[in-house]
Amino acid sequence: MNYQTVVGLEVHVELATKTKIFCGCTTEFGGEPNTHVCPVCSGMPGVLPVLNKKVVDYAIRAGLALNCDITRVNKFDRKNYFYPDLPKAYQVSQLYLPICRNGKVEIEVNGEKKHIGIHEIHMEEDAGKLVHDPWDDCTLVDYNRCGVPLLEIVSEPDFRSADEVVAYLTKLRDTLMYLGVSDCKMQEGSMRADVNISVMPVGASRFGTRTELKNMNSFKAIYRAINFESARQIDILENGGKVVQETRRWDANKDATFAMRSKENAQDYRYFPEPDLLPVEISEDWIQYTRDNMPELPEAKRARYVSEYNLSEYDASVLTSDRDIARVFEAVVAICNNPREACNMVTGEMMKLMSETSTLPEELNIDAAKIAAIVDMLTSNKINRNVAKDVFAEVFKNDVDPVKFVEENSLGMLNDDSLVEKTVDEVLAANTKSVEDYKGGKEKAFGFLVGQTMKALKGKADPQTVNKILKEKLK
Amino acid sequence: MDFNTKTALELGQMIKNKEISSPELTQAMLDNIESNDKDINAYITVDKEGALARAEEIQAAIDAGEELSPLAGVPMAVKDNICTKDTLTSCGSKMLYNFKPPYNATVVDRLKDAGAVVLGKLNMDEFAMGGSTETSYFGATKNPWDIERVPGGSSGGSAASVAAGECTYALGSDTGGSIRQPCSFCGVSGIKPTYGTVSRYGLVAFASSLDQIGPVGRDIKDCAQVLSIISGHDAKDSTSIKRDALDFSDCFTKDIKGMKIGVPVNYFGEGLDEDVKKPVLEAINTLKGLGAEVEEFEMKITDYAIPTYYVLACAEASSNLSRYDGIKYGYRRKDCENLLDVYYTSRSDGFGMEVKRRIMLGSFVLSSGYYDAYYNKALKVRRLIKDSFDSAFSKYDMIISPVAPTVAYKIGENSSDPLKMYLGDVYTVSINLAGIPGVSVPCGFGANGMPVGMQLIGNSFDEPKLVRAAYAFQQATDFHLKQNKYSKGGKA
């Protein structure tokens, strides 16, 4: 029998607010254990939460970008359970009236477009972390992460393959990063995804029994976990068994999922409205203001680069793959007004150097004006393309002034045609074998002769001039 | 000089006039505690050194001509569920037997800024759950009018300490009657303010949507003065209403002519002791004699107040008290096998019977499958109760009722019958459910000589109206001035 995999996702993202959701403590990652805490986030008796308005701002922003309805009056609820990383023994979350509902995201897999529904987005607080101390054989609690604001983005069960899931997560991450809502670092836990997965015979109308997968900390792990679990469930059904509804843990080392807890042991969270907080009322003005001040999202940017700058779809998508790269590109264009060359510099030189030096986009610290100056020198034939590349590397690595650098190192383009002619004559005289080869039909030999000429001229000649003169001489 | 017959405001004036000093007065109160509290047990913690040092400090400020509040230098005490920095805040529970908060409640900061001298922390029913102050881990508090009887609760320590001359005024908290009922039992005055009027920041939560801090004093004027200091918006409490502090400056005129008072007749039927009924009805007549217009009406919906209250209060409590898990602070049982064992044994040892009963009740009504039948239904009834008060206040300036169906009962008399104990809250809980203010002032004595209070109930933010009526009543009567053995015997 053929089976269809069905997946729904619950994605948690930590919001990039400076302070926590209900107190003034910093949200900074790391830090000595229990140094980013106060009586409120550590759940001391008698303290009360005060909602950080920025969290609501970010939730509205995310909701609008994901095409959701914004719930004008939304409320917080308490989710009650005991665990040492949860100092109040309840998590303030949203069950009954979440801030966003009914959204959708368009994804593309193998050229096919598809919409994934967003069931809801709700605001909640993160819990702390347990650290096992093997030396003393005890478990310690670090409350630094307690109260860091989270959005939980719950999709509809609309995915039919691991590829679709990864396409969605990539899109979600790009969108949220563009919005400045989250840095979405899976390794640091600022983006986490739980996968609900079931299989059913192709054509069936009812979903099979699902399991929930946890503990995947990369897109790759999610991809592998889905494929493993789908195969595991199909195997059970094929052998006449029944899938048990349970939570399973992905073990990246063993490349397999393992049962954590079954539905029978599921907790009753005894949700009820949080009496310490008022309902969050969102005015039409607040939504409109947010809408008017939304950063341009990758898709819109890509379309604009194609229509406004005449760039190819490919170049546009490379440039918009990251908010910071797009930012640099746009800054360069704004100065030099040459999108074509700006694109060449950014996608060619800058991104190559970034990967060579393992520089992350958010660490980019390059002066757009200097890139624009290189573009200007190049387009006005003050330097040739090879020199431009070298100068770019100097700017990237040592932040030199490109104009001065060209002057001081006499890298300006040679405009003396007679010198080129003289050099070409010398090169032809010294490489008679290559000349013969070329005349005998070996095109490659021509490139060699160009190279020899450029080398003799210390790379400063205009390659087109060299080409032209060589062609004439070889006629 | 007999400080015990003086009100806090009178004492504040005497300090200002240099007739006495704050340290003298503080020492006198500490002496009263020393001699009386072995019988009364109103205090969990007496901060002798802190109080005297603070009194010196305030006296120096006053001597330097600093303009403080009319209560500057007057010693007072705080219920033990209100956080006081570096001072034990136990909530009357073994669970928090060693908990010293690193912060003050907003009300404590505000009183300190006004020059208050804090004598110590007052006994209470464990986590404010109870109406007799018998459930405290630190032993029962006794009623100064008869030490075989309860002082009421849960703010029993607050009412008893004021009644026994062990402080001049006190802070209590009221979730279902916990200020008003002990005031009635001990013959002192108290106010449960409109929900959101006084910051709850630093009040250890019992039921968050019902809890309010309020004053207990020798007369209503003292209470009003304290309330004017502690009320007003606090950014640390999201449920605190964005309003200025309450202003009672034009309440002390004795003039209540034309004030419309509603009397809910069904509050005076079955279940109300003759001992209470008589003085309350007489008090209503007194107010009539002062010019108030009195009309009877029915308030049927409040028949559902007790079940509604216990469903909602216990639900919230079950969640609020979950944080006491033996992990972070407070009591933890040693030698546990594993995490679950820490939870089970610490909570089993740390909480008393009544608290456990309410946690179980609250967990049950919130559990999956029962939520709609209990919690949600109770929320709907709460709305109806509020509506019926709204409609009453469209006709009346205030409502007058008993505070409790009986006078103070004997210690142990009701403690084995929780249901009977819960029924004692019949006149007070609906006020918390509606979020409106209630005042309790002494209005007479039962046949056995125990004090009786009456309850004045007002619309939201109508505390000034209630204070005006209570003040007029106290000007015309002397029930609040009566002394018991302890207040009389208090030396100094």
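Within every chain, numbering begins at 1; the chains are lettered A, B, ... in the order of the sequence lines, protein sequences first and strands thereafter.
When each of C23(A), P39(A), P87(A) is scored by its heavy-atom pairs under 4.5 Å with chain B, the top score falls to P87(A). Of the listed residues (V40(A), L277(A), V47(A)), the one with the most heavy-atom contacts under 4.5 Å to chain B is V47(A). When S367(B), C83(B), A205(B) are compared by the number of non-hydrogen pairs under 4.5 Å with chain A, S367(B) comes out ahead. Top candidate by heavy-atom pairs under 4.5 Å with chain A, chosen from G202(B), S209(B), G326(B), is G202(B). Contact count versus chain B (heavy atoms, under 4.5 Å) is highest, among G46(A), P84(A), S42(A), for G46(A). Chosen from L96(B), D211(B), I82(B), N320(B), the residue pairing most often with chain A at heavy-atom distances under 4.5 Å is N320(B). Ranked by non-hydrogen atom pairs under 4.5 Å with chain A, the options S319(B), A207(B), P102(B) are led by S319(B).
Two rings, from F76(A) and F22(A), have their centers less than 6.0 Å apart. In summary, the aromatic rings of Y343(B) and F82(A) are positioned with their centroids under 6.0 Å apart. A ring-centre distance under 6.0 Å is not found for F138(B) and Y97(B). For Y331(B) and Y324(B), the ring centers are positioned 6.0 Å apart or more.
Looking at L339(B), only its side chain comes within 4.5 Å of chain A, counting heavy atoms on both sides. For A235(B), the part sitting under 4.5 Å from any heavy atom of chain A is the backbone (N, CA, C, O) and nothing else. Y201(B) touches chain A through backbone and side chain together, each having a heavy atom under 4.5 Å away. Using a 4.5 Å cut-off between heavy atoms, Y81(A) makes no contact with chain B at all. If you measure heavy-atom distances from N80(A) to chain B, the contacts under 4.5 Å come from the side chain alone. At a 4.5 Å heavy-atom cutoff, the contact between F99(B) and chain A is made by side-chain atoms alone. Of the atoms belonging to T89(B), not a single heavy atom falls under 4.5 Å from chain A. Of the atoms belonging to I327(B), it is side-chain heavy atoms, and not backbone ones, that fall under 4.5 Å from chain A. For N81(B), no part lies near chain A; criterion is any non-hydrogen pair under 4.5 Å. For A315(B), the part lying under 4.5 angstrom from a heavy atom of chain A is the backbone only.
Between the side chains of K79(B) and S155(B), a donor-acceptor pair is found at a separation under 3.5 Å.
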Practice task
Show your working on salt bridge (Lys or Arg N to Asp or Glu O under 4.0 Å) between K356(B) and E354(B) and close with a plain yes or no.
Solution key: CA-CA 5 Å; K356(B) 283 185 221 171; E354(B) 184 56 30; over 6 Å; no

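Contact of the T135(B) side chain with the V355(B) side chain is not registered, since no non-hydrogen atoms from C-beta on lie closer than 4.5 Å. Within the 4.5 Å cutoff, the side chain of E124(A) has heavy atoms near those of the Q91(A) side chain. Contact of the P149(A) side chain with the E125(A) side chain is not registered, since no non-hydrogen atoms from C-beta on lie closer than 4.5 Å. Between R72(A) and L97(A), the closest side-chain pair of non-hydrogen atoms is not below 4.5 Å. With a 4.5 Å cut-off on side-chain heavy atoms, N74(A) and Q94(A) count as touching.
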